[in-house]
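In what follows, chains are A, B, ... by sequence order, proteins preceding strands, each numbered from 1.
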Amino acid sequence: MADGQGTRDHRGWTRREFLSAAGRLAALAVLAPASTSVLLSGCARGGKRLSRKLVAGSLSVALDADVETLDPAMHRSRTVEAVVRNICDGLVARDAEMHYVPQLAADWKVEGEDRWVFKLREGVKFHNGDPLTAEDVKFTIDRIIGAIEGLPPSPRKDLLGPVTGAEALDPQTVVIHTDGPYPILHKKLVFQEICPKGYFEKVGPDEFAKKPVGAGPFRLVEWSPGERIVLERFADYYGGSPDIPPVGPARLQGVIFRPLEEAATRIASLEAEEVGVAVNIPADQADGVEALPDAHLSVAQGTRTHFVGMNLTRKPFSSPLVREAMRYAVDPNPIVEKYLLGRARALPGILVPMAFAYDDSLPAPRQDIARARELLRIAGYPDGLRVTLDCEANDKRIAEAIAGSMKAAGVQAEVRVWKKDNLLNQLRRRERDLFLTSWGNSSLDPSGILPVLFRSDGYSNFFGYRNPEVDRLLDEADRAMSVAERRQKYIEVQRQLQRDIPTCFHLALEELYGVSNRVENFAARPDGMLPMHDVSLKS
Amino acid sequence: MLARFLGRRLLQLVPVLLGVSLIVFLTMHLTPGDPIEHMLGQAGRVTPEQIAELRSHYGLDRPLATQYWLFLRHAASGDLGISYSHQGRPVAEVVAERLPATLELTLFAFVLALAFAIPAGIFAALRPQGLFDRLGTVGALVGISLPGFWLGIVLMITFGLRLHWLPISGRIDLGLAPRTITGMNLVDAALTGDAPAFWSALRHLILPGITMAAPMAAMVMRMLRSSMIGVLEKEYVQFARAKGLPETEVVGKHALRNALIPTVNIVALQTGLLLSGNMIIETVFQYPGLGKLAVDAIAAADYPLVQAVVLIYATSYVLLNLGADVLHVVLDPTVRTAAT
Amino acid sequence: MPEALTDDQIVETTAATTPGMFAVLLRNRVAVAAGLVVLAFVAVSVLAPWLAPFDPNLQHPDAIRLPPVWQSGGRAEFLLGTDALGRDLLSRILYGAKVSIGLGVMVVLLTMVVGTGLGMIAGYFGGWFDAAMSRLVDVLLAFPFLIFALAIMAATGPNLTALVLALAFKGWVDFYRVARGDVLSARHADYVTAARGVGAGTAHLLLREILPNIVPPIIVLATLRMATIIISEASLSFLGIGVPPSIPAWGTMVSDGRGDIATAWWIATFPGLAILFLVLAVNLLGEGLRDALDPRMRL
């Protein structure tokens with residue numbers, strides 16, 4: 001940006017003699033080496049030419065976010081997970097239908113309340129040739145829960161819930177201990193990938209984050225941050241889970257992940273055939289992809305819920321009447337059908353229909369302008385409400401559509417846009433009154449979303465919502481060993497939320513991927529993972 | 001005496017950098033936004049102890065003044081700190097990965113702008129109010145008035161999507177990356193005599209390069225044109241003409257050298273603006289350079305990274321101006337005598 | 001020292017007076033035309049509520065991404081078509097003029113007053129104030145403006161106050177330098193010495209004697225800065241950190257239309273053209289003013 005078209009020369013000042021003190025010389029010494037070191041390390045990077053075979057047989061994938069690390073234990077990013085999952089396998093995986101299948105584990109059983117015994121597959125090798133043993137699994141678990149001294153804490157610790165440690169019984173058997181019953185441990189293990197203890201200890205955490213070694217179908221060849229990640233087929237791959245055929249090494253020669261944050265650029269790159277897969281196509285741009293002659297759209301039901309939340313700790317949404325009015329203020333139809341081109345679904349509550357214990361008896365959302373206005377009048381707002389609707393940049397258009405829809409019901413909402421993390425922090429501090437945000441729950445288990453958002457002490461309880469009854473039900477569900485009992489507890493929670501209304505409008509967007517017609521066997525998944533093992537290219 | 005002049009100017013870099021680092025430090029730390037919360041992202045159940053542990057790990061629990069002092073002290077030993085959003089990697093390393101890309105684009109735009117502006121400025125000055133001059137003047141004004149982000153989009157659509165002539169994102173085709181020497185693909189390809197890599201890198205640079213070069217080309221052309229017109233009216237040029245020297249020599253040797261003197265400053269100023277504009281161009285073209293890194297780092301409240309990037313911008317700005325002054329002294333004999 | 005480059009010499013010409021400057025300007029046909037275009041934009045920005053066929057934020061769910069009227073599929077009530085939420089583009093562009101011009105004027109006035117004021121004080125009194133200011137100016141000139149704007153806006157969310165501050169952050173420096181340089185050279189000019197001789201106070205000297213003489217270059221600079229500010233504001237809005245989304249702004253509109261450019265070119269194209277035309281006209285006007293002020297003061 002030209003922030004001064006330079007109508008004048010501007011350097012009369014710097015010419016002035018205002019420096020003589022020796023102390024300033026010292027300050028120069030402070031900063032000069034710093035900039036030199038930057039330049040020097042820039043030259044130190046080595047590179048080598050990729051083989052022709054790899055280039056020709058590779059699939060390029062446009063990601064919607066940059067990748068900041070490749071260490072499976074040091075991120076909270078779905079994008080990193082989607083990439084790393086191709087390099088490192090886990091004990092448990094999910095198939096395309098989101099069923100849990102053993103991956104590096106051959107099988108497992110629960111002993112007593114708090115002991116899970118995993119048998120590992122035979123003959124599994126890491127990319128550096130080391131065999132995968134129980135020690136590696138123990139190391140992986142211990143590192144995440146923070147049981148290894150001297151390593152930075154892992155932001156994935158909470159994903160392992162009450163896990164207290166792991167022990168290697170023999171090279172093929174590992175035991176994971178939990179504090180009390182934890183019936184969903186195997187579901188949670190999907191989010192952790194096994195790292196090689198020996199290699200990690202040899203290279204250290206910094207190097208490992210750049211050049212991870214795993215037991216997955218692809219090994220890392222090159223990572224140019226911000227530009228691309230190049231993976232190459234691992235010929236000695238053990239084959240993957242037999243529950244997800246075909247078994248054997250990957251079919252692609254390689255995969256290239258490219259971060260292209262702007263949706264417009266991803267679509268344009270797909271159109272220009274610079275990439276074969278473009279993730280996260282916004283619903284309202286899906287038609288543009290469908291119109292492409294050489295590409296199509298791959299669709300999956302999403303596991304992320306967009307919702308409008310309210311701050312219950314202060315006016316106006318501390319009033320239950322206002323919150324009820326909000327529930328009738330939005331017309332889901334034009335938003336879903338017109339703006340999102342039918343590629344979304346309005347929901348009665350926070351859980352997506354695929355989720356465990358989804359309560360299908362709840363009434364479908366609908367607009368009732370008269371009722372909303374009447375409720376607002378009783379609540380003391382005869383002239384309607386004026387509020388700010390806060391959202392993150394990616395959700396701007398949906399927020400604008402919601403704001404437009406609420407006008408008829410007497411709610412004047414002004415949309416305000418934030419960077420994602422910034423909004424999240426403000427919501428956690430309960431500084432915002434009305435907000436559109438979203439929460440992903442790829443585990444599809446209510447334990448991944450309900451306690452986080454709605455327990456009184458939930459880390460992301462943006463609403464200041466407090467209901468001891470809900471807290472109790474959530475705790476009981478956590479420890480219930482019977483499926484039916486858990487289901488019942490979660491259904492009761494959903495009904496209570498329906499009465500208390502901390503959130504008033506819910507939307508599940510489809511996961512949309514643009515896929516070149518050359519790509520075979522690739523399908524969008526609800527969990528946003530990009531397993532490339534079975535994918536191939538038409539020649 | 002040039003050395004003394006240089007030394008004094010280099011010394012002036014110090015208070016500028018100190019001031020710049022203080023402003024950026026205060027801006028980042030006093031505005032809301034917490035790098036730790038960014039790191040945890042969508043973490044489900046995080047205890048306050050866990051957050052405190054991370055805060056102390058990155059030294060964020062210390063008083064502001066201490067943090068600033070530590071930053072300065074570490075920078076003195078060449079340590080720019082640890083990036084929060086890049087999972088504890090050294091800032092210098094993260095920056096070094098992106099710097100060549102930005103340098104390459106900036107240099108390319110620089111060359112492009114001058115390659116266009118210098119001949120255009122000369123030709124326009126030879127026949128003031130002629131057709132070329134009028135067209136050039138209008139074109140230059142349009143170049144200055146074009147919003148860069150919009151020009152970038154229009155070029156992308158036209159040459160990337162409609163005509164399929166040029167790639168719309170990235171730096172080089174896959175598998176063609178030349179052996180890394182400087183990190184600048186074009187330079188490395190030229191050094192290693194790698195023709196396919198050279199062409200691929202060049203094709204990737206054209207659209208962002210043009211977008212970036214447009215305002216600079218326009219400014220430089222206007223400056224050169226007007227100073228050239230002024231010089232051509234001067235007596236010594238008239239005298240050289242009267243002596244019967246060929247016009248190319250008159251213009252190329254005598255006039256151009258003098259006309260370039262005021263232009264040098266504009267070039268330095270505009271190059272500084274090229275750099276500060278790269279955040280938008282790199283965002284539009286998803287170009288993996290310093291500008292995009294800065295935008296992301298701010299979003300992530302990655303204080304050390306933002307500080308480092310700002311210092312690089314500021315240093316290059318000051319050095320560019322210094323370079324312009326040195327060039328000035330070299331080009332202009334009268335200044336040289338005055339300086340000594 | 002290469003004296004040819006000091007401030008004092010760049011702003012050497014304060015001979016032309018303001019009325020004289022406008023008289024010369026009127027003889028420059030291009031500048032007059034540009035001035036008329038700028039006036040037209042100003043009129044539009046003021047009259048937008050009466051000119052615009054629709055509320056700029058009114059969504060028409062049944063008229064999404066309609067092309068302009070001359071393309072097949074276009075509808076007569078939406079002359080320039082509609083965007084992804086079915087909002088009338090023409091109305092949004094008309095209202096968008098309000099933001100561009102309003103903010104531009106506000107920021108230019110603010111930076112002009114602050115910069116000129118500080119510059120006059122520094123130039124007249126010199127001393128420690130002048131020295132301190134020159135340090136600050138050096139730092140600000142080296143500071144990348146966009147990073148400052150991004151950091152502020154990321155923290156506060158898009159809002160007009162922060163936007164004005166971000167745009168003004170460095171903007172006053174140009175005025176400061178011009179005013180300081182002019183005052184520096186005017187301090188010992190005959191008319192000032194004469195006024196001082198008859199016992200005029202400092203305030204009188206600065207405001208009544210010196211200020212009128214530095215007005216013309218300040219006006220030229222203000223006009224040219226205006227063009228820059230409009231582009232800067234649009235760029236920030238394009239990055240999503242400028243004007244709040246509920247206020248139609250051209251930069252935001254280009255950004256909104258980016259994703260649709262392959263299927264609906266008009267959404268990003270028209271607001272971009274609006275920026276181009278306005279900035280071009282302002283630049284032409286500024287150049288005309290400068291030529292009128294002093295044909296030698298070229299750039």
Side-chain angles (χ1 to χ4, degrees), chain A residues 1-3 5-6 9-11 14 17 19 24 27-31 33-35 37-38 41-43 45-47 50 55 60 66 68-69 71 74-77 152-153 155 157-159 206 209 225-227 256 258 260-262 265 268-269 271-272 274 419 421-422 424-425 440 448 452 459, chain B residues 11-12 14-15 17-18 33-34 37-46 50 53-54 57 72 75-76 78 80 85-89 92-93 95-100 144 160-161 167-169 171 174-175 177 179-180 182-183 215 219 265-266 269 273 277 280 286 288 292 296 299-300 315 321:
Chain A
M1 186 187 315
D3 71 70
Q5 286 181 356
D9 176 86
H10 56 287
R11 284 170 307 95
T14 46
E17 307 171 40
L19 287 171
R24 308 201 178 168
L28 176 67
V30 169
L31 288 158
S35 36
S37 76
V38 166
S41 48
C43 306
R45 207 177 105 216
L50 301 174
V55 172
S60 282
D66 200 359
E68 286 147 350
T69 177
D71 185 339
M74 294 304 289
H75 69 92
R76 283 306 289 239
S77 142
K157 182 179 176 182
D158 64 286
L159 289 173
D206 292 346
E227 203 176 348
I256 291 100
R258 291 183 54 193
L260 297 174
E261 277 113 328
E262 299 284 338
T265 316
S269 300
E271 186 181 352
E274 290 177 16
K419 289 273 182 197
D421 298 292
N422 224 312
L424 215 56
N425 297 341
V452 186
Y459 179 56
Chain B
L11 218 58
Q12 290 170 358
V14 178
L17 288 187
L18 279 176
D34 188 335
E37 295 190 37
H38 171 88
M39 254 181 254
L40 292 170
Q42 278 221 344
R45 289 173 187 166
V46 180
Q50 212 177 332
E53 194 182 345
L54 279 165
H57 181 80
L72 286 184
L80 287 170
S85 63
H86 292 255
Q87 306 302 330
R89 292 175 57 211
E93 196 182 293
V95 168
E97 283 163 359
R98 307 293 186 103
L99 199 57
I144 291 169
L161 292 185
I168 52 170
S169 66
R171 291 180 63 200
L174 178 73
R179 197 158 58 80
T180 309
T182 60
M219 293 303 291
N265 300 311
I266 285 292
L269 176 65
L273 293 178
I280 287 174
Q286 304 276 298
K292 204 162 152 298
D296 297 343
T315 311
N321 283 313

Next item on the list: Report the C-alpha distance between A/Arg258 and B/Ser169 in whole Å, list the side-chain angles of each, state the deciding distance to 0.1 Å, and finish with yes or no for side chain to side chain contact (heavy atoms under 4.5 Å, CB included).
Entry: CA-CA 10 Å; A/Arg258 291 183 54 193; B/Ser169 66; 3.0 Å; yes
Item checked: Set of side chain to side chain donor-acceptor pair (under 3.5 Å) partners for A/Asp66, sequence neighbours left out -> B/Arg98
Next item on the list: Heavy-atom distances under 4.5 Å only: say whether A/Leu260 touches chain B with side chain, backbone, both or neither.
Entry: both
Margin query: Tell me if a side-chain donor or acceptor on A/Glu274 pairs with a main-chain N or O of B/Ile168 at a distance below 3.5 Å.
Written below: yes
Next item on the list: Tell me, for A/Glu261 versus chain B, whether the close heavy atoms (under 4.5 Å) come from the side chain, the backbone, both or neither.
Entry: both
